[in-house]
Number of protein chains: 2
Amino acid sequence: MASGGLKMVQKMLDKLPASEQKIAEYILEHPHEVVNSTVSQLANVSNTSGAAVIRLCKSLGLKGFQDLKIRVAGDLVKPAEQGYRDIEPSESMYQVAHKTASNAIQSLKETAELINYDELQKAIEALLKAKNVHFFGIGASSIIALDAQQKFLRINKGATAFTDVHLVATLIANADQDDVVFGISFSGETPEVINVLSLAKDRGVQTISLTKFDQTTLSSIADISLFTSYSNEAPFRSAATSSRLAQLYIIDVLFLCIAARQYEETVKHIDKTREAIHFITKKK
Amino acid sequence: MASGGLKMVQKMLDKLPASEQKIAEYILEHPHEVVNSTVSQLANVSNTSGAAVIRLCKSLGLKGFQDLKIRVAGDLVKPAEQGYRDIEPSESMYQVAHKTASNAIQSLKETAELINYDELQKAIEALLKAKNVHFFGIGASSIIALDAQQKFLRINKGATAFTDVHLVATLIANADQDDVVFGISFSGETPEVINVLSLAKDRGVQTISLTKFDQTTLSSIADISLFTSYSNEAPFRSAATSSRLAQLYIIDVLFLCIAARQYEETVKHIDKTREAIHFITKKK
DNA sequence: TATTTATTGAAATTATATTTCAAACCAATT
DNA sequence: AATTGGTTTGAAATATAATTTCAATAAATA
């Protein structure tokens, strides 16, 4: 469970202010020491202050210093991971199939580890309360939005997934106070998605973002930010393979958490959906 | 490094005084909670006192409570669990996230194992030769079709993914001899998809199916059949979670095999695509 | 240059861990 | 049954650590 602390530190390293960076470097170099030290000890060895240590924890999206220690401790017992491998010219089908599977698995594992359960909790509460959820993504992310829409409609939650910015603007303009706008963009920098979330925020509509784990414009705008694992893009993966599975995975987790929270009701809705589809199909 | 905390607790269990034993039992039953709680929280939930908690730590030969937490955290980082498990009522977010991940991983592994490389080879040849590929799926599978379309368009392969049966019939009526109709249906029994593939076959257009691994109507109709792992449907998974990831995985494998076969060309097309998107985005 | 904005660590505050200690318990002995 | 000596216990006191606040400073922007 709790782990991935070192990965978080690594990822954020060059986006941090100087003092936090010094601490981050120390952590990466001496993870074993960190696990058994206190805030002020860490402040000392890295020539900074306790406040900076706490700030670093928060910058990483963690609850506090304890949380960081727990996660780093988790990293230290884990066997070395396989890592990502890109597809190369004239590779055998067998190799392609296996690399693809192991990249996907890697990505799922990392994404699961990176989940911030406080944010997830907030997202679930917001989604439960909302009358309508407007999913919005463009390009590859539009597919994630559609998938999410399908899922939520099945449990009788109003959901939209248009890709037309004008339409989405209309929806937001008329949105209820409890509704949610859910922006999806792997890079977190897609202008259309940023605009849509900005609009929503301006109108006081709640926003959730789903981006790669990073300081992205989108995640900084959103009230609640969810993340998938980040992996360096290599030419072929850029056509979005594992990253997309990770996004779908997060959607699944949201859906299933909500489903688990209202178990009986969900089962009922899903049964109704199934019957309805059966009815349509038989009719021909 | 730091781990084995749970083992220590287990070993000592019956040598401990009553109050410490209660705490030890709680730790063994709820290790996840323990990792994120304080001395007094643990004292409360186990109906003892803070002092007893500290005494337990010392009894185990540890330095203190922090040390215990770190070691338990280490124990919790275990390799992904095996097998499928359905979501149950009022499950914790953490459990949902991990069950979902391990189900997905399991499904991907199985699907990779099930690949028939002769059929895959045939599918790749057919797709390489085709001027246009018509992906067709309904409901959850329509999303897989859209994903496939996006991928193939990126490498300059004509691709459609309509859900309107009339439109698809039109496309097939006018299809080239080398074109491919690609039917997607997890159950393999969706009437619309069966009809579309039947039509294609009747018109002498090549057909590929993607279904669960089973004797399905769809796979028996298709010239080339591809499969994802089959797993008994439980109420919640029926909302298609892992099965859909497995379908996307197969699409990825197809795409990447084709990409690997025409490496230079693919890289060129993907670069062009990226530039085009960049251009559109900048324009505003 | 003036003005805002971000970064920083010392000190205050708050939370948490640990120790102390008197009371309660219990088993063995008279 | 009463006495004794050793355990065990948790409330309260204390010590330690984590977190927040805030004013000073540095960097960016106008």
[Y] backbone acceptor or donor facing [X] side chain under 3.5 Å:
X	Y	answer
A/Glu189	A/Thr217	yes
B/Gln150	A/Gly139	yes
A/Ser219	A/Gln215	no
A/Asp214	A/Thr216	no

Estimated bend of the helix from C/dT1-D/dA30 to C/dT30-D/dA1 (axis per five terminal pairs, rounded to 10 degrees):
20°
In this structure, how many angstroms lie between the [atom2] atom of [N] and the [atom1] atom of [X], rounded?
X	N	atom1	atom2	value
B/Asn36	D/dA18	CG	P	15 Å
B/Lys22	D/dT8	NZ	P	15 Å
B/Asn47	D/dG10	CG	C1'	13 Å
B/Ile23	D/dG10	CD1	C1'	11 Å
A/Leu68	D/dA18	CG	C1'	13 Å
A/Ile70	C/dT16	CD1	C1'	14 Å
A/Glu20	D/dT19	CD	C1'	14 Å
A/Leu42	D/dA17	CG	P	13 Å

Apply side chain to side chain contact (heavy atoms under 4.5 Å, CB included) to A/Ile251 and A/Phe182, showing your working.
CA-CA 11 Å; A/Ile251 298 294; A/Phe182 196 120; 4.2 Å; yes
By side-chain contact (heavy atoms from CB on, under 4.5 Å) - contacts of A/Leu171 (at least two apart):
A/His134, A/Thr160, A/Phe162
Sequence neighbours excluded, the answer for side-chain contact (heavy atoms from CB on, under 4.5 Å) partners of A/Thr38 is A/Ser40, A/Gln41
Report which part of the nucleic acid B/Ala43 touches: base, sugar-phosphate, or nothing (heavy-atom distance under 4.0 Å, all strands).
nothing
Give me, pair by pair, the N or O atoms of the protein and of nucleotides 23-26 of chain D that are less than 3.5 Å apart, along with how far apart they are.
none

Using the six-membered ring wherever Trp is involved, compare the ring planes of A/Phe152 and A/Phe255 and label them parallel, tilted or perpendicular (cut-offs 30° and 60°).
perpendicular
Neighbour count >12 (heavy atoms, 6.0 Å) for atom CD, B/Glu33
yes
So, does A/Ser49 get its side chain near the phosphate of C/dA10, meaning an N or O under 4.0 Å from OP1 or OP2?
no
Where protein sits on nucleotides 17-22 of chain C, one letter per nucleotide: B base, S sugar-phosphate only, - none, heavy atoms under 4.0 Å:
SBB---
Sequence neighbours excluded and cut-off under 3.5 Å, please list the side-chain donor-acceptor pairs for residues 43-52 of chain B, or say none.
unit_1: B/Ser46; atom_1: OG; unit_2: B/Leu42; atom_2: O; d: 2.7
unit_1: B/Ser46; atom_1: OG; unit_2: B/Thr48; atom_2: OG1; d: 3.2
unit_1: B/Ser49; atom_1: OG; unit_2: B/Ala52; atom_2: N; d: 3.2

So, A/Lys122 and A/Asp118, do they make that salt bridge, N to O below 4.0 Å?
no
